[in-house]
Structure formats: C-alpha cells, structure tokens
There are 2 protein chains.
Amino acid sequence: MLLKDLAKVAGVSLSTVSRALHGDPRISEPTRQRIQAIADREHFVLSKSASALASRKSFRITALFVDHFNTWFTSTSLEGLYSVIETSDYDLFPLALHTPEELDRYFRSLSKNNNTDGIIISSIHLSKKHTEQLAASHIPVVGLDSYGTQGYDAAIILNNERSMTIAAQTIKRLGHTTIGFVHYPQPGLFRDYSYSERIPQFESICKAQGYTSQSFEHFTSEDGRADKAGVESIITRWESSQVQPSVLFVETDDFAITLLSALREHGFRVPEDVSVVGFDDNPVSQLIGLATFRQNALENAHYAAHTMLDLLQTSSAKHCAGSYHAANAPDDELFHEDETAFIQRRTLAKAKGAAKAKGVTKAKTRNKH
Amino acid sequence: MLLKDLAKVAGVSLSTVSRALHGDPRISEPTRQRIQAIADREHFVLSKSASALASRKSFRITALFVDHFNTWFTSTSLEGLYSVIETSDYDLFPLALHTPEELDRYFRSLSKNNNTDGIIISSIHLSKKHTEQLAASHIPVVGLDSYGTQGYDAAIILNNERSMTIAAQTIKRLGHTTIGFVHYPQPGLFRDYSYSERIPQFESICKAQGYTSQSFEHFTSEDGRADKAGVESIITRWESSQVQPSVLFVETDDFAITLLSALREHGFRVPEDVSVVGFDDNPVSQLIGLATFRQNALENAHYAAHTMLDLLQTSSAKHCAGSYHAANAPDDELFHEDETAFIQRRTLAKAKGAAKAKGVTKAKTRNKH
DNA sequence: CTGAAAGCGCTTACAG
DNA sequence: CTGAAAGCGCTTACAG
C-alpha cells in the first residue's frame with residue numbers, strides 16, 4: 001500500500017494525503033480525520049527513504065560513542081536518548097567509532113553527508129579540526145558528558161572541577177597523605193575523552209591543598225585492558241609501588257568495581273588496607289558500597305535528546321543552521337552543567353593513624369589468605 | 001558533492017560511478033580504482049535515502065526489544081548485534097516496544113512497511129497472529145533468546161529445559177525441600193517473554209523429582225517493579241510465607257542481585273538463612289558470588305547478526321523470501337541452541353539440617369541487626 | 001482548501 | 001565495458 005493507493009481510496013490527490021498525514025493546517029479537519037482513519041485501517045506506513053529523500057532530511061539522529069554499548073554509561077545514555085527520541089519523527093541511530101582514524105574519517109565526510117540530521121556526541125574531546133568540520137557541516141551537534149563546549153551547539157558537561165575539589169577535600173580530611181590515580185583504559189585507542197580531564201584536575205586541586213608530587217602515583221593498566229587482567233596489572237604495580245597510596249581514586253565505577261573485587265580476592269581489606277573511590281554511582285556501586293560521585297546519566301541523556309529535538313525544530317526549514325552555533329552563543333542556556341554529588345560509602349575510610357599522627361603512615365599491612 | 005559531481009570529475013557517467021562504488025564486476029579494475037580514489041579524496045558518501053529508495057531496500061536491520069537498553073541482557077545483545085552489523089552495509093536500528101498493543105501495531109504494519117530489511121526479535125513469545133504477519137511480510141526474522149522457533153527464519157534458543165533440570169537436581173541434592181520462584185517483572189506489560197518459560201519448566205521438573213505443590217511458592221513483585229521497591233515486596237511476602245522456601249530461584253541475575261542485596265540489608269544471611277540462585281551470569285554475579293546459569297549473550301547476538309546477514313544475502317534480489325521460512329525448514333541448522341552452564345557460587349548452599357534429617361527443616365532463623 | 005508536476009539522489013534494467 | 005533513461009515513493013513549491 002502506497003500513498004497513491006490511499007489517495008485513490010480516499011478519493012483525493014496524493015498531495016492531500018501527504019498533507020493530511022503530516023497535519024498540514026491547510027487540510028480541513030474533517031478531511032484530515034477521514035484520511036487518517038483510512039490510513040489507520042490499512043496500517044499504512046510512509047516509506048522513510050522516500051520521505052527523507054523528498055524532504056531532504058534523513059530523519060536520523062546519530063548517537064556517537066567511542067565505547068561499547070554494554071557499559072553502564074553508554075547503555076544508560078542510549079536508554080535515555082532513545083526514550084525521548086522515540087516520541088519524535090526521528091530514528092535513533094547508534095554509532096560506535098573505535099579509533100581516532102575512524103573518528104577523523106567520520107568528521108571529514110560529514111559536510112557531504114546527508115545521512116544524519118543531528119549528532120549527539122558522547123564523552124570525547126573534539127579537536128580544533130573536528131570543531132571546524134562540525135561547523136562546516138551545519139548539522140546540529142549536542143554533547144553528552146562533553147569535554148568543553150567548543151564545537152557543540154549544546155552540551156551537558158559534568159562539573160568535574162567541583163567534584164574533584166570535594167574529592168580532594170574529603171581525602172585530605174580523612175588523613176590520606178598518599179593518593180593513587182587509576183586511569184580507566186578507554187577502549188578504542190582514544191586519548192582525550194572526558195574522563196581524562198578529571199585526574200589532572202584532581203591532581204592540581206590536591207596540590208593547591210598542600211599535597212606534593214611525591215604524594216601521587218598514576219596507575220594505568222599495562223595492556224590498556226579494562227577487564228580483570230587490567231586491574232591485576234594495576235594491583236601488581238600498586239604492591240611494588242614506592243608511594244603505595246592509601247587511597248585509590250578510579251576514573252569510573254566500572255573499573256573501580258573490578259579493581260575492588262580483585263583487591264579483595266588478593267586478600268587486601270578495603271578500606272582497612274586501602275580505600276577505593278569511583279566515579280558515576282552506577283547501580284552496582286550502591287550494592288557493593290563503593291564510595292563514588294553520582295552523575296545523572298539518564299537525565300542528562302534526556303536533556304541532550306530534548307535539546308537536539310529543539311535544535312532540529314529551530315533549524316528545520318532547510319538545515320540553514322549556523323545561527324545557533326556554539327561559537328555565536330558561548331554561554332547559552334543550552335550548555336547545561338551537571339553537578340555530581342559525592343557519595344560516601346564504606347570503601348573510603350580514614351587513613352591509618354590519621355587520628356593520632358595526621359599523615360605519614362602508609363597502608364602497608366596486608367592479609368593474604 | 002553528489003554522484004553526478006563525482007561522475008563529472010571522473011569523466012564517466014553516473015551509472016559507472018555507482019557501479020564502481022558497489023564493486024560491480026562489469027567495471028574494469030583500473031576504472032574502479034580511479035573512481036574509488038576520487039571518491040575517497042572528496043570524502044564522498046552516498047545518500048542512504050536515495051540508495052534505499054532506488055534499490056527498494058532500506059539498509060536497516062531492526063533490533064526489537066521489549067525492555068530497556070540499560071539492562072545487562074539488552075545492552076549486551078545490542079553490543080553483539082552492532083559489532084557484527086557495523087561491518088556490513090546495513091544500519092542497526094534499535095526498537096523498544098513497551099506494550100502488547102504497540103507490538104501488535106508494529107506487526108500489523110510490517111507487510112506494508114518497507115522500512116526494514118530484517119528484524120531481530122529478542123526474548124518475546126510470538127502469537128499465532130504475529131507469526132502469520134511476519135510470514136506475510138516476507139521480511140527475514142531472527143530470534144534471539146526466543147521462545148520457540150515458530151515464526152522465525154532462524155533463532156537462538158536457550159536450552160531452558162536442560163538448565164532447569166540441572167537446577168532441580170542441584171537443589172534437591174543440597175537437601176532443599178521448599179523452593180521459591182521469583183518472577184522477574186518484565187517491563188512493558190508483556191506476559192509471554194522467554195524468561196517466563198523457565199519457571200513452569202522448573203516446577204514440572206521438580207515435581208518429576210518428587211517435590212509436591214506444597215513445596216513451591218511463587219513470588220512476584222507487587223507493583224510489577226523490577227527495582228528495590230519490587231524486591232522489598234517480595235521479601236515481605238517471603239517472610240510471612242507459610243512455606244518460607246529455603247532457596248529462591250530468580251528468573252534473572254539483574255533481579256537476583258537486587259534481591260540479594262536487600263535480603264542482606266534486612267539482616268538475612270545468604271546462604272545460611274536462604275539460598276539465592278539467578279540466571280544469566282552477568283559480570284556483577286561473578287563479583288558478588290551469585291550462583292547462576294551462564295548464557296552466552298554476546299556470542300548469541302553475534303550469531304544472530306551473522307545469520308541475519310546471511311539471510312539477507314540469500315534473499316537479496318527482491319525480498320522474495322518465503323523460501324527459507326521457518327515453516328519450511330523447522331529443524332534447520334539455523335536454529336541454534338545455547339546450552340547454559342550452571343555456575344555454583346556461594347549464595348547457594350546446603351539446606352539446614354540436610355545432612356542429618358534430609359529435609360523438613362525450614363529456614364526460619366533470622367538475624368536482624 | 002486542493003491538485004498537477006517537478007524533483008529529491010540514487011539504482012538498474014535496457015541498449016549499445 | 002559504458003551510458004541514457006526510467007523510476008523508486010514520497011514532499012513541496014506553484015498554481016488555482
């Protein structure tokens with residue numbers, strides 16, 4: 001059943017059916033209802049390809065990730081984006097890019113590419129070049145967990161600085177004098193993702209609070225693996241470390257949970273032997289008592305999707321975007337800051353001897369079983 | 001940049017460029033390479049809408065779920081499907097339907113609907129009507145975690161009967177005389193999803209092993225919620241239960257994990273006061289020591305996606321499907337059975353007094369803190 | 001308020 | 001091996 005068949009049944013022209021189905025106000029209400037009733041009865045569905053081609057839109061919103069879909073953040077974001085976008089005329093099209101080269105190629109092809117009406121980009125750092133390519137494409141771009149506002153028409157940005165300030169203060173108050181930073185090995189060979197901003201920020205805030213370089217140690221998994229083998233290599237390094245930090249600050253809960261579990265398997269008591277702090281407050285963290293920072297991933301995704309739909313409405317006519325571009329309105333209301341909340345749980349405790357000596361003691365005890 | 005512009009630059013016709021880009025063997029290799037080089041240099045991308053409309057395909061594969069994307073099974077399946085489909089010419093479109101009415105409407109519109117080339121359906125039970133509608137649509141349909149083979153051109157089916165046999169045997173061997181079945185409240189008001197098959201199977205196998213109806217109790221969350229409030233209502237019922245089963249068999253790990261955590265918060269010791277067994281072996285289960293059954297969700301999704309791409313290749317020409325339809329080849333190699341593995345972990349232990357009295361004792365002790 | 005017609009950017013018989 | 005032309009199923013100025 002095609003539009004023309006519907007037109008025949010309804011005894012009107014093809015144009016009228018198309019207009020009625022789209023709620024064009026030029027079609028009288030009785031006519032509209034009559035046509036809609038026939039369409040419903042026949043279970044008629046417009047061809048997306050044909051509609052898209054004729055209207056010079058794609059009716060697709062791309063959700064760009066540089067991660068796997070079965071991680072907490074990505075699956076939660078996808079769920080949030082989908083639940084909003086499914087209510088619109090657009091389809092959500094998830095896209096995963098695995099290497100910086102793939103990302104470059106994607107951005108380079110954008111301006112010639114009529115295959116997406118909007119892009120929601122998650123968690124990556126856009127280069128100067130990417131920013132230019134996005135601007136040239138005139139495609140609305142919304143950032144989710146973005147690293148800065150540059151290149152976005154709208155963005156949800158975590159207030160990492162505030163979080164890191166709270167983290168540094170809390171850790172100091174608990175008497176920790178040595179701190180380990182555990183980097184989450186982002187899959188896909190990306191280096192400048194949004195998480196990576198947190199650790200340098202945290203370090204500089206700690207320094208402002210009187211910690212010295214000797215108090216810090218960075219831990220990255222040997223082979224860039226985010227799984228059990230990855231945390232094993234980190235534990236090995238931590239054990240043989242000079243500093244042997246009494247608290248480990250991990251970039252994401254996913255990785256902190258794996259690390260926590262492995263530490264316990266190795267016979268370390270958490271937090272007696274070492275404290276662990278994560279970031280995200282994913283549901284598992286709550287179950288296992290991981291101290292962490294809560295980000296509102298689901299609501300942030302809702303916000304991103306709604307903002308995208310708004311931009312698409314604004315720029316509707318002929319994708320004559322540019323007018324609402326980030327460069328023109330840098331501190332627009334479209335840039336939303338998510339203030340994460342610190343969640344103190346049992347994996348974070350006072351440093352040993354903190355009560356009496358205030359510092360110096362290192363957590364070196366250890367119970368192998 | 002459009003196909004015609006490329007043709008101008010290359011000094012050939014539009015047809016030749018189109019053929020070259022698709023690797024049509026009629027185009028000479030040197031010509032093909034020359035055209036491809038120009039296309040690469042210009043970062044040319046075909047319009048999917050136009051290609052789709054002209055070729056009467058949609059280049060979309062729909063992944064149909066009746067769940068949220070941020071659950072273990074769905075996000076893992078999506079990851080598995082995507083990683084295979086991204087290597088093809090097709091795009092993966094996730095689709096979530098929330099009510100049986102939405103599902104009906106979707107199936108009804110299928111035959112008139114040229115908006116998808118293939119459908120991968122996850123975890124739901126197809127009615128007779130759905131089966132007919134799918135057959136009439138001539139769209140290849142692959143089942144993932146399917147409830148039966150009916151209506152599918154290919155399917156991955158969990159060997160639930162085998163799993164339930166192992167579960168029943170294990171529970172009996174451990175001396176449990178009372179068993180609770182905890183139903184996972186599937187979101188979206190669906191009643192016949194694949195999980196729901198397991199509990200009746202389990203019950204009938206238990207009966208075959210000598211358990212009576214008085215040994216069983218079914219638990220469903222009061223409000224159909226799968227969250228903490230849901231498990232709270234189940235714990236309340238379990239506490240006031242006549243049977244008060246000494247082992248709770250939960251349909252999915254997601255729900256078992258939430259239940260386990262809540263039981264412990266209430267001061268119940270697991271497994272001393274009550275054993276808990278889940279299903280799925282999701283990564284969290286391993287971390288927290290939940291006894292469960294392992295299903296290979298990621299590999300099953302890979303298999304489903306590959307099978308779909310094969311079907312699409314076979315039926316390529318003009319969607320003249322039907323030749324490979326389930327009805328015609330019921331025990332085809334396209335029906336793949338995943339044998340789940342039982343994973344014994346610490347949440348499942350011997351029933352109290354099982355060693356001496358062999359049964360009868362009920363787990364009624366309880367430590368409130 | 002409605003219709004006839006051009007056109008969206010490709011693919012693919014058909015002809016050579 | 002290559003090209004001219006029809007056509008995929010819609011949308012949307014344009015005309016009335």
Side-chain angles (χ1 to χ4, degrees), chain A residues 1-36 39 42 44-60 89 91 109 111-117 316-320, chain B residues 1-36 39 42 44-60 89 91 109 111-117 316-320:
Chain A
M1 161 114 352
L2 303 177
L3 208 54
K4 65 170 181 227
D5 303 315
L6 264 192
K8 206 166 294 169
V9 175
V12 291
S13 78
L14 212 145
S15 323
T16 302
V17 179
S18 175
R19 288 185 184 119
L21 260 28
H22 289 92
D24 188 309
R26 286 176 296 178
I27 304 300
S28 71
E29 191 52 25
T31 310
R32 216 213 84 247
Q33 286 185 3
R34 194 169 57 81
I35 293 173
Q36 186 64 60
E42 303 289 336
F44 173 75
V45 182
L46 285 167
S47 158
K48 298 216 183 197
S49 306
S51 295
L53 185 58
S55 66
R56 258 149 290 189
K57 296 211 270 179
S58 71
F59 294 108
R60 295 160 177 244
D89 289 336
D91 287 326
S109 72
S111 59
K112 339 268 174 165
N113 176 329
N114 200 28
N115 291 324
T116 190
D117 290 341
S316 60
K318 262 184 192 297
H319 276 188
C320 53
Chain B
M1 161 113 356
L2 303 176
L3 208 54
K4 66 170 182 226
D5 303 315
L6 263 192
K8 207 167 290 170
V9 175
V12 291
S13 78
L14 212 144
S15 322
T16 302
V17 178
S18 175
R19 289 184 184 121
L21 259 29
H22 289 92
D24 188 308
R26 286 177 296 178
I27 304 299
S28 72
E29 191 53 25
T31 309
R32 215 214 85 245
Q33 286 186 3
R34 196 168 57 80
I35 293 173
Q36 186 64 60
E42 303 288 336
F44 173 75
V45 182
L46 284 169
S47 158
K48 300 216 182 197
S49 308
S51 296
L53 185 57
S55 65
R56 261 149 289 189
K57 297 211 268 178
S58 71
F59 293 109
R60 295 160 175 246
D89 289 337
D91 287 327
S109 73
S111 59
K112 339 268 176 166
N113 176 331
N114 199 29
N115 291 324
T116 190
D117 290 341
S316 60
K318 261 185 192 298
H319 277 186
C320 50

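It should be emphasised that the depicted structure is a prediction, and the values quoted were computed from it without experimental measurement. Order of the sequence lines fixes the chain letters, A, B, ..., with proteins taken first and strands second; residue numbering starts at 1 for each chain.
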Discussion item. Do B/His22 and B/Leu46 have side chains that approach each other closer than 4.5 Å (heavy atoms only, starting at C-beta)?
Written reply: yes
Discussion item. If I take atom CG from residue A/Asn115 and atom NZ from residue B/Lys48, how far apart are they, to the nearest 0.5 angstrom?
Written reply: 6.0 Å
Main-chain N/O of [Y] paired to [X] side chain as donor or acceptor, under 3.5 Å:
X        : Y        : value
B/Asp91  : B/Arg60  : no
A/Ser58  : A/Asp117 : yes
B/Asn114 : B/Leu53  : no

Worksheet item: In whole Å, what separates the P atom of D/dC14 from that of D/dC10?
Response: 24 Å
Worksheet entry | Interatomic distance at C1', C/dG16 relative to C/dT12, whole Å | 16 Å
Response to the item:
For DNA chain D, the expected dot-bracket line (Watson-Crick or G-U under 3.5 Å, [ ] crossing, | inter-strand) is |||.||||||||.|||
Response to the item:
With B for base contact, S for sugar-phosphate-only contact and - for none (protein heavy atoms under 4.0 Å), nucleotides 3-10 of chain C reads BBB-BBBB
Response to the item:
Paired with A/Gln36, the side chain to side chain contact (heavy atoms under 4.5 Å, CB included) test is passed by just one of A/Leu21, A/Val17, A/Thr31, namely A/Leu21
Discussion item. My understanding is that only residues two or more places apart in sequence, or in another chain, count here; which of them pass side chain to side chain donor-acceptor pair (under 3.5 Å) with A/Asp24?
Written reply: A/Arg26
Worksheet item: Are A/Arg19 and A/Val12 close enough, and set up right, to give a side-chain contact (heavy atoms from CB on, under 4.5 Å), and what steps lead you there?
Response: CA-CA 11 Å; A/Arg19 288 185 184 119; A/Val12 291; over 6 Å; no
Discussion item. Strictly below 4.0 Å: does B/Thr31 bring a side-chain N or O up to OP1 or OP2 of D/dT2?
Written reply: yes
Response to the item:
B/Leu21 CG to C/dT12 C1', in whole Å, measures 15 Å
